Asker: 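Next up is a structure, given as structure tokens.
Indexing begins at 1, ligand by ligand and atom by atom, following the structure's order. Being a predicted model, the structure only gives us computed values, none of them experimental. Residue numbers start at 1 and run along the sequence shown.
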Amino acid sequence: PDEQPVPLLPPEVLLKVFRYLGPDDLCRCGQVCTVWSHLARTGSLWKHLYPLRWARGRYCRGPPEDPEQEPDEEWEQSREEESRAWDEDADIDESEGALEDSSAIGAIQREKKVLHGIIQNLLPAVGPSVRSIVLAYSAALSSKMVRQILSLCPNLTHLDLTQTDITDSAFDSWACLGACHTLEHLDLSGCEKITDVTLKRLSLALGDLAPPTAPCAAPPTSLEAEPGGRQALVFRRRPGGGRSHGPAHVWLLDSAQLADIEDAGEWRRRGGASDGGRGLWEPLAPPTGACCCRRSRRRGLAANAASYWPQLGGVGEAGGGGHASCCGGQGLRTVSPTRGGAEFRTKRAEEAEPPRPRPRKSSCRRLRLLSLSGCYQVTDLGLRALAQRGGLPRLEHLNLSGCLFATESGLQELVTACPSLNDQHFYYCDNINGPHADTASGCQNLQCGFRACCRSGE
Ligand code: FES
């Protein structure tokens, strides 16, 4: 009576059993029934992904730090040969070598299939639980795939893209603050198409440790200059009193401030005393007796009686209640860049959308290893970007071998922002007399033969 058929076991017991299974067995279990299919997609079962090895029948599932997961040199060598065969796909002939090549091509096609399966079927369910992805030496990996993976796995700590063909566009989803603040290990060795753009995105995505700075005196000049979709005041000059279609000056403000300013303006227009935003509001006071609100009404435009602010010519017609001062040659309205330019009544502070949550500072910029070996397009600009927003306080391992355009000053700036850097794991070009020159390790690419190095011909 104590024995139950396996399918009838409670889910928590089944889950315990599933923890002993590898990815291949989990996939089989997922095909048994709906309940098993849901259980097999439990996030904690898929923390560490090795698509390339799985496609070749090596079903690793431990963390990448585990020495058992380390691939041997022979395995890496065969991956390189495979990717060469993939590149020369068009030259297949009947020779023995060609047969070997075609089996390599078959392996890469399997790899592509596995990658697509993971991206389309697995990651949408388990993405937030995934901690590490090892894609090193993948010949089938594209920038688009990496982009999809990164947007589905926001809590990655370990990402290995060694010797892949990806470009900067792979990191598009890192273009907002804190997009990958948990990242600790990033290996881009041999990714020759990577440029400073990736490093700028990485620095942004790692979060911000820097203390808040005072508001900038000079306002931004375009909506695109301010991420986060804040509301804005737009002032337009209308030469000769006509409608303006020229470029507008834009001041970006917090919605709370904006509501205050508008309410103050409304009060002032009613004849009350303005108690806030006076300096900004002053030029917008309509002259008595010549209000273009009346002109609007004559033209049959809708007036916003409830808010007392009519929508005015050239500024507010299309919106659902924006404000405009029609006299004095200037117009005012509220806009939202997040609504495709459609105008709407400014929200009060309590109605405003909550700001996007920022990562806690203690969990920001946790990067411990960064390898850019052979990324020869990286320059000082990229290194400086990494040094911003509080630097990389936990970085211990930094490989800049083969970064041919980095200079002493860029290196110095970055190293100053990396107080934990271990000189034994700090590699850069032997021809640069940079920081820690006596104690840092030299370039690792001298004998490599397939990664960029200024002395590779010697
Ligand atoms: Fe200069 Fe390798 S990059 S020695």
Asker: Evaluate ring pair (Phe, Tyr, Trp, His ring centres under 6.0 Å) for Phe18 paired with Tyr20, printing each intermediate quantity in order.
Answerer: CA-CA 5 Å; Phe18 280 8; Tyr20 292 94; over 10 Å; no
Asker: Report the relative orientation of the aromatic rings in His436 and Phe426; use parallel for angles under 30°, tilted for 30 to 60°, perpendicular for over 60°.
Answerer: perpendicular
Asker: Is the closest side-chain donor-acceptor distance between Ser189 and Thr162 under 3.5 Å?
Answerer: no
Asker: Which label fits Tyr427 and His397: parallel for a plane angle under 30°, tilted from 30 to 60°, or perpendicular past 60°?
Answerer: tilted
Asker: State whether a side-chain donor-acceptor pair under 3.5 Å links Thr167 with Ser169.
Answerer: yes
Asker: Identify which protein N/O/S atoms are less than 2.8 Å from atom 2 (Fe) of ligand 1.
Answerer: Cys443 SG, Cys453 SG
Asker: Taking atom types as modelled, is there a side-chain donor on Arg384 or Ser409 under 3.5 Å from an acceptor on the other?
Answerer: yes
